[in-house]
Each structure stands twice: as structure tokens, then as C-alpha cells.
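Let me begin by presenting the structure, written as C-alpha cells, before commenting on it.
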Number of protein chains: 2
Amino acid sequence: MITAEDKFRNYLKMKGLKFTPERKMILKTVLSLHTHFDVDQLYERLRKENSDISRATIYRTFPLLIDSGIMKETLLCRDKTKYEHIFGHKHHDHIICLKCGRVIEFRDEEIERLQKAVCKKYGFKPVEHKLGIRGYCRECQSKMGE
Amino acid sequence: MITAEDKFRNYLKMKGLKFTPERKMILKTVLSLHTHFDVDQLYERLRKENSDISRATIYRTFPLLIDSGIMKETLLCRDKTKYEHIFGHKHHDHIICLKCGRVIEFRDEEIERLQKAVCKKYGFKPVEHKLGIRGYCRECQSKMGE
DNA sequence: TAATCATTGTAATTAGCTCTCAATTGCAAT
DNA sequence: ATTGCAATTGAGAGCTAATTACAATGATTA
């Protein structure tokens, strides 16, 4: 069973980069977050863990985590860029409430299949895709009805 | 037959806002662009048309054009925010080449239908959605193969 | 005509992110 | 274990897209 750390180490070695304590700590913390987060949220979390890793290092480490397939950007981003770790998770898409900000994750095999079919039609080789649906959740609809 | 200008005028009146020469010119220019564009590209285009509308006014007008349903942000945005006008166009999704930047637009009724079904399942009322597939186009694949 | 309020351009500001630089540190070769 | 060197780090400067304050202008209504 390969761990996320193994995966990251292998990636770094392959690129001739180093597995530093900072990168180890950032990886560990990213994996501990089970929601979408931004750079500042990760920074705050690190401080709570008594780590004084700078924002610059976080900004520098994120592309590595993304390139190694451990983390990715989500398309929730209105202002700040949001991330989520994907190690050990299947790909999923997002439904986002415009009022309360709630995020519903879903996976639809049929949509996945159709996307592949579209790519094939155009001779396109897909690497990743993002699907986000914005609107209003059940609760906010009721509230707005009142 | 309602024109884009009618639509914009109605929207502005409804909001108690004015249809100024600047807004008219920005609208006209946005409609004349048939590709994805950013604020600077629009600004340059305006200058070529001998208009000296400021960037600030463009930034202030874009939310109005979006809110009135004439234009929208695309999710191509890596750095700058990109826009496209949607007046008179059906919704479509994007396939983006990571190498050459080419954009393929497509529309798949079945995917649209399945998205609605997913929303229904969660009691979610969709307003908009964005689907972007990134990867490599046919041409770039051949080049990379060589 | 006077009063009101939206709009504009200019210029300053904000905010997210990147870069520079000097000091430090993994890590491979010895 | 030691050495050499490229990679890495934090601090702070810098960059750039986007926003905002402000004073002048202009349209609309009373």
C-alpha cells in the first residue's frame, strides 16, 4: 500500500527536488483537512500546530502537490483559489449554493462516460475536468420562499 | 425581435441605472468580439475604435452585462478573468488544450439532462454551470509523439 | 432653476500571489 | 563522516488584476 508521502517523495526525487521538513508538514496538514481550503486557511492551521512555515513556502509547495496528484484546485474560486486533497479519493464534481456557500459533492458515471465520448469525437486526450453547478440549495430555496 | 441593447436597457431601467454612451459603446464592442476576451483586450479594442473609456468603467460595466445575461465569465481563467458574450448563443462547455491553448466549444444535450437530474436528486435549483475539460488536442498529441 | 443622484476618469489602494536575496540545508559523491 | 553544491527557506519587496475614494460632470425630477 503506497502512502501519500511515498507518492510525494517519489515525485520529488524524480524531479531532483528535496523532501524537506516544511514539505512534509504541509503535506501532512493538507491531508488532515477534509474540506475545501485556501492558502490562508492552511497557514492558520499550520500556526495552530506550532509551525511557522511562511506563506511563500506554501505557495511554492502547492504546485508540487498538485503536479504529484495529491491535491488539486477546485473551481469554487470566486476570489481566493480553493484546494482539496484528492489522494485516495475518486474524482467528483461540485454543486455550490450561491446563498449559503454549501458544497455538495457528487459523482455521476454516466456524465463521466459522456465526457470521454465527447473528447474521443474531437480526438482530444483529456487530463482533467471540472464541473461546477451553481444555484440554490433546498434550504435556501425555502428561506427565500418565506 | 428583442436586441441585446433592448435587453441591457431594460435591465438598467429596472435597476434605476442609466444607459450612458460609455455603456452603449462597451456593449457594442463586447458583442463584436467572437472569442473569449479579458478586460485588457476589450480596452485595446475600444482604443482602436477611438474610444477613451477607462479601465475602471469597463470593470464597473462588466457586472452589469453579466447580471443582465448578455455576457459571462468563462472558467478558462488561469491568470486574468476571461469573458464571452452569450446573447443569442446557447449554453456550451469548453475543452481546453494545455499545450497550445486552443479552445473547443461543445454542447451535449445528454450531459445537460443528466446535470438537471443530479440537481433534482438533491433538491437543488441550478442557475448556471460550467464544465471544462483540459488535456491535449489532436495536433499537440502528434507533435508530442514526434 | 435648483436639488438629487448616477456616472465618469484619475489616482490611490487592496489583495493575492510571485520574486529576489542572503542564509541554510538535504543529499549524493567522496 | 565530510564536503560541495544545488535546492530551499523566510522576509520583505514587487507585480498585477481588480476595487475604491473623490471630485467633476451630466441627466432627471421637482
Side-chain angles (χ1 to χ4, degrees), chain A residues 5-6 8-30 36-47 49-68 71-83, chain B residues 5 8-30 36-47 49-68 71-84:
Chain A
E5 190 171 309
D6 290 337
F8 195 35
R9 287 186 112 112
N10 290 342
Y11 166 81
L12 291 172
K13 178 164 279 179
M14 193 249 299
K15 289 271 184 177
L17 304 174
K18 295 168 185 173
F19 186 70
T20 64
E22 288 81 3
R23 287 175 181 164
K24 184 185 172 108
M25 185 64 191
I26 290 172
L27 170 64
K28 185 187 148 201
T29 310
V30 160
H36 302 92
F37 60 91
D38 58 39
V39 168
D40 273 2
Q41 288 169 330
L42 186 75
Y43 180 77
E44 289 308 323
R45 184 59 165 263
L46 284 169
R47 306 223 85 195
E49 305 283 335
N50 294 317
S51 170
D52 55 354
I53 294 171
S54 70
R55 283 192 172 77
T57 298
I58 298 174
Y59 279 113
R60 286 187 282 230
T61 304
F62 275 14
L64 304 176
L65 286 170
I66 290 170
D67 204 32
S68 64
M71 196 176 89
K72 72 176 196 177
E73 277 186 29
T74 72
L75 87 165
L76 311 169
C77 50
R78 263 271 153 269
D79 35 1
K80 295 184 186 178
T81 308
K82 289 274 187 174
Y83 304 88
Chain B
E5 190 172 308
F8 196 34
R9 285 186 114 114
N10 291 342
Y11 167 81
L12 292 172
K13 177 164 281 181
M14 194 247 301
K15 288 274 186 175
L17 304 174
K18 295 168 186 172
F19 186 69
T20 65
E22 288 83 2
R23 286 175 183 165
K24 183 186 172 108
M25 184 65 190
I26 291 172
L27 171 63
K28 184 188 148 201
T29 310
V30 161
H36 301 93
F37 60 91
D38 58 38
V39 168
D40 273 3
Q41 287 168 330
L42 186 75
Y43 180 76
E44 289 308 323
R45 183 61 165 263
L46 284 170
R47 306 222 85 196
E49 304 283 336
N50 294 317
S51 168
D52 55 354
I53 294 171
S54 71
R55 283 191 172 78
T57 298
I58 297 175
Y59 277 114
R60 283 189 281 232
T61 304
F62 274 15
L64 304 177
L65 287 170
I66 291 170
D67 206 30
S68 64
M71 197 176 89
K72 73 175 196 178
E73 278 186 29
T74 72
L75 88 163
L76 310 168
C77 51
R78 262 270 154 273
D79 36 0
K80 294 183 186 180
T81 308
K82 289 273 187 176
Y83 304 88
E84 64 183 332

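In the text below, chain A, chain B and the rest are named by the order of the sequence lines, each starting its count at 1. Computed over heavy atoms, backbone and side chain alike; hydrogens, waters and symmetry mates excluded.
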Rounded distance (Å) that lies between atom C1' of C:dA6 and atom CG of B:L12: 11 Å

Please report, rounded to the nearest Å, how far the P atom of C:dT4 is from the CG atom of B:L17. 20 Å

Does any residue of residues 19-26 of chain A have a heavy atom under 4.0 Å from DNA chain D, and if so, which ones, in number order? A:T20, A:E22, A:R23

Supply the atom-to-atom distance A:S51 OG to A:I26 CD1, rounded to the nearest 0.5 angstrom. 7.5 Å

Could I get a table of every N or O pair under 3.5 Å where one atom is in the protein and the other is in nucleotides 16-18 of chain D?
residue	atom	partner	partner atom	Å
D:dA18	OP1	B:T81	N	3.4
D:dA18	OP1	B:T81	OG1	2.6
D:dA18	OP2	B:Y59	OH	2.8

Partner residues of A:K28 under the salt bridge (Lys or Arg N to Asp or Glu O under 4.0 Å) criterion, sequence neighbours left out: none

Taking side-chain contact (heavy atoms from CB on, under 4.5 Å) as the definition, give me every residue that meets it alongside A:L12, ordered by chain and number, with sequence neighbours left out. A:F8, A:L17, A:F19, A:R23, A:L64

Students should find that the end-to-end axis angle of the helix from C:dT1-D:dA30 to C:dT30-D:dA1, with five pairs defining each axis and rounding to 10 degrees, is 30°

Atom pair distance, as rounded to whole Å: CZ in A:R9 and C1' in C:dG26: 11 Å

A:I53 has an atom CD1; how far is it from atom P of D:dA11, in whole Å? 12 Å

For B:D40, enumerate each residue passing the salt bridge (Lys or Arg N to Asp or Glu O under 4.0 Å) test, keeping only those at least two apart in sequence or located in another chain. B:R55, B:K80

Atom OH of B:Y43 and atom C1' of C:dG9: how far apart are they, to the nearest Å? 10 Å

So B:R55, base contact, sugar-phosphate only, or nothing? Heavy-atom distance under 4.0 Å. nothing

Comparing B:R60 and B:G16 on DNA chain C - which has the more 5′ nearest nucleotide: B:G16

How close do A:D67 and A:Y11 get, heavy atom to heavy atom, and via which atoms? OD2-OH, 2.7 Å

Using side-chain contact (heavy atoms from CB on, under 4.5 Å), reason through A:V39 and A:T81 one step at a time and then give a plain yes or no. CA-CA 8 Å; A:V39 168; A:T81 308; over 6 Å; no

With B:K72, which residues qualify under side-chain contact (heavy atoms from CB on, under 4.5 Å), at least two apart? B:E84, B:I86, B:H91

Give me the distances for all protein-to-nucleotides 28-30 of chain D N/O pairs that come in under 3.5 Å?
none

Going through the checks in order, is the side chain to side chain donor-acceptor pair (under 3.5 Å) test met by A:Y83 and A:D38? CA-CA 6 Å; A:Y83 304 88; A:D38 58 39; over 6 Å; no

In terms of side-chain geometry, is the basic nitrogen of B:E73 or B:K82 positioned less than 4.0 Å from the acidic oxygen of its partner? no

OG of B:S68 to CE of B:M14, rounded to nearest 0.5 Å, is 8.5 Å

Applying side-chain contact (heavy atoms from CB on, under 4.5 Å) to A:T29 and not counting sequence neighbours gives A:M25, A:S32, A:L42, A:R45, A:L46

Indicate yes or no: at least one non-hydrogen side-chain atom of B:V30 is less than 4.5 angstrom from one of B:F37. yes

Considering residues at least two apart in sequence or located in another chain, which fulfil the side-chain contact (heavy atoms from CB on, under 4.5 Å) criterion with B:R60? B:A56, B:T57

Suppose we screen for salt bridge (Lys or Arg N to Asp or Glu O under 4.0 Å). Which residues come up paired with B:E44, at least two apart in sequence or across chains? none

If you take all heavy atoms of B:R47 and B:D52, which pair is closest and at what distance? NH2-CB, 4.3 Å

Just the atom pairs and distances: protein N or O near nucleotides 28-30 of chain C's N or O, under 3.5 Å.
none

Once rounded to the nearest 0.5 Å, what's the spacing between atom CD1 of B:I53 and atom OG1 of B:T61? 7.5 Å

Give the rounded distance in Å between these two atoms: CZ of B:F8 and C1' of C:dT7. 13 Å

